[in-house]
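If you read the sequence from its start, that first residue is 1, and numbering goes on from there. Quick caveat, the model's predicted, so the values are computed rather than measured.
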Amino acid sequence: CAPWSPPTSGAPATRSRRRPTDPPGCYDAFSDGEVGLAPSRDVVLGWGMTTDEHGRTEPPLAGSEVDTLRGFLDFHRRTFALKTNGLDHAQLHTPLPPSTMTLGGMTKHLAYVEDWWFGVVLSGAEPTAPWDDAPWADDPDWDWHSAVDDEPADLRDLWESAVARSDALLDAAPDGLDTLAARPARPDRRTGEPVSLRWIVVHMVEEYCRHNGHADLLRQALDGSVGE
């Protein structure tokens with residue numbers, strides 16, 4: 001397979017908001033309602049999946065490779081949304097010492113990670129706002145540190161929009177999981193060869209699983225909330 005060039009005519013469609021006929025989907029970070037980014041009803045029924053007590057869609061038990069990987073990625077995205085649901089600005093930016101990590105910083109970091117791996121690495125696009133002019137040379141962890149200046153709704157929108165863009169690029173990948181990234185992940189990373197979309201999706205599952213463990217501890221320290 002040749003490295004992927006993204007579609008040039010028109011923007012890919014983003015995942016639609018939940019319809020009244022859809023089964024419960026996912027929880028909007030920082031709010032109390034169920035909102036968009038849940039798979040459409042026909043996708044859910046096609047995978048033969050169910051939702052759990054938190055409104056998350058369970059990955060398929062015997063699905064195809066792509067359905068299984070995307071099912072786990074979506075599940076752990078929704079787990080992260082659950083862990084940040086209903087928090088105000090002060091709570092989002094309260095660390096658990098000695099770590100300086102916060103749920104607000106994590107939200108902005110995961111938005112950046114979504115845009116980096118799917119937008120920049122997979123499709124070959126240039127970074128967009130707010131990443132394009134961020135002072136990375138002065139602060140390599142700018143995504144984490146700058147989040148304190150953002151309102152909860154703005155952080156939510158940044159992350160949700162990044163997830164929607166990632167899903168649109170996943171949908172448009174011409175060779176499915178075999179699609180090769182348009183550019184190397186990092187200029188100095190081993191051989192410089194492009195990674196496959198399969199590698200990117202597995203890495204993103206790993207990314208969310210790791211940070212969801214952090215989010216478990218941060219949320220419990222804030223208000224005692226526990227659970228998946």
Side-chain angles (χ1 to χ4, degrees), residues 1-8 11-15 26 29 36-40 43 47 49 56-60 63-81 105-132 134 136 140-144 158-215:
C1 299
W4 181 37
S5 296
T8 57
T14 57
R15 186 167 288 179
C26 61
L37 298 182
S40 62
V43 171
W47 283 350
M49 296 187 292
R56 296 170 301 180
T57 303
E58 298 276 6
S64 67
E65 182 185 18
V66 65
D67 288 350
T68 300
L69 288 177
R70 292 192 68 171
F72 272 98
L73 177 56
D74 286 342
F75 182 85
H76 286 291
R77 284 168 170 167
R78 304 279 59 87
T79 299
F80 176 71
M106 195 179 299
T107 301
K108 194 165 187 175
H109 170 69
L110 288 171
Y112 169 67
V113 169
E114 292 271 2
D115 277 339
W116 171 258
W117 283 107
F118 291 108
V120 177
V121 175
L122 176 66
S123 74
E126 293 300 318
T128 57
W131 325 118
D132 54 346
W136 298 112
D141 294 320
W142 176 85
D143 46 342
W144 289 91
L158 185 68
W159 178 69
E160 286 185 345
S161 297
V163 169
R165 285 190 294 272
S166 296
D167 280 343
L169 291 168
L170 271 164
D171 292 340
D175 296 311
L177 295 173
D178 292 326
T179 302
L180 294 180
R183 67 172 77 189
R186 296 183 180 91
D188 60 346
R189 192 164 193 165
R190 293 185 287 277
T191 65
E193 296 178 59
V195 297
S196 69
L197 178 53
R198 178 181 290 100
W199 189 99
I200 291 174
V201 174
V202 171
H203 174 69
M204 290 298 294
V205 172
E206 171 195 39
E207 184 83 14
Y208 274 96
C209 287
R210 179 175 184 238
H211 287 311
N212 280 339
H214 300 143

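- Look at Asp167 and Arg77 and you find a salt bridge, because one of the NZ, NE, NH1 or NH2 atoms lies within 4.0 Å of a carboxylate O, short of that distance.
- Taking all atoms of both residues into account, the shortest heavy-atom contact from Leu197 to Gly176 is CD2-O, 3.4 Å.
- Applying the side-chain hydrogen bond (donor to acceptor under 3.5 Å, both in side chains) rule to Trp142 yields no partners; only residues at least two apart in sequence or on another chain are considered.
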Pair His214-Trp144, ring-ring contact (aromatic ring centres under 6.0 Å, His included): steps then yes or no: CA-CA 14 Å; His214 300 143; Trp144 289 91; 7.7 Å; no

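- Residues passing the side-chain hydrogen bond (donor to acceptor under 3.5 Å, both in side chains) test with His76, sequence neighbours excluded: none.
- Between atom CG of residue Asn212 and atom CZ of residue Phe80 there is a gap of 7.5 Å, rounded to the nearest 0.5 Å.
- For the atom pair CG (Leu69) and CG (Asp74), the distance works out to 11.0 Å, reported to the nearest 0.5 Å.
- Summarising the geometry, atom OG belonging to Ser166 is positioned 6.0 Å from atom CG belonging to Asp115; distances are rounded to the nearest 0.5 Å.
- Looking only at atom types and distance, the side chain of Thr57 has no donor-acceptor partner in the side chain of Arg78 under 3.5 Å away.
- Side-chain contact between Asp143 and Trp136 is present, with heavy atoms from C-beta onward closer than 4.5 Å.
- Counting heavy atoms from C-beta on, the side chains of Val205 and Phe75 never come closer than 4.5 Å.
- To the nearest 0.5 Å, the span separating CD on Glu160 from OG1 on Thr107 amounts to 10.5 Å.
- Closest approach of Pro194 to Ala181, counting heavy atoms only: CB-O, 3.4 Å.
- Scanning both residues, Trp131 and Ala111, for their nearest heavy atoms gives CZ2-C, 3.8 Å.
- Rounding to the nearest 0.5 angstrom, the gap separating the CG atom in Leu110 from the CG atom in Leu158 is 10.5 Å.
- Relative ring orientation between Trp199 and Trp117 is described as tilted, the plane-to-plane angle lying within the 30° to 60° band.
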Under the side-chain hydrogen bond (donor to acceptor under 3.5 Å, both in side chains) criterion, do Glu207 and His109 qualify, and how do the steps go? CA-CA 11 Å; Glu207 184 83 14; His109 170 69; 3.0 Å; yes

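- Leu122 CG to Ile200 CD1: the interatomic distance, rounded to the nearest 0.5 Å, is 4.5 Å.
- In this structure, the side chains of Arg183 and Val120 come closer than 4.5 Å at one or more pairs of heavy atoms.
- Residues Val201 and Leu170 have side chains in contact (heavy-atom distance under 4.5 Å, counting atoms from C-beta outward).
- For Arg210, there are no side-chain hydrogen bond (donor to acceptor under 3.5 Å, both in side chains) partners two or more places apart in sequence or in a different chain.
- His203 and Trp116 have their aromatic ring centers separated by at least 6.0 angstrom.
- A salt bridge between Arg70 and Asp171 is present, with a side-chain N of the basic residue lying under 4.0 Å from a carboxylate O of the acidic one.
- Aromatic ring centres of Trp159 and Tyr112: separated by at least 6.0 Å.
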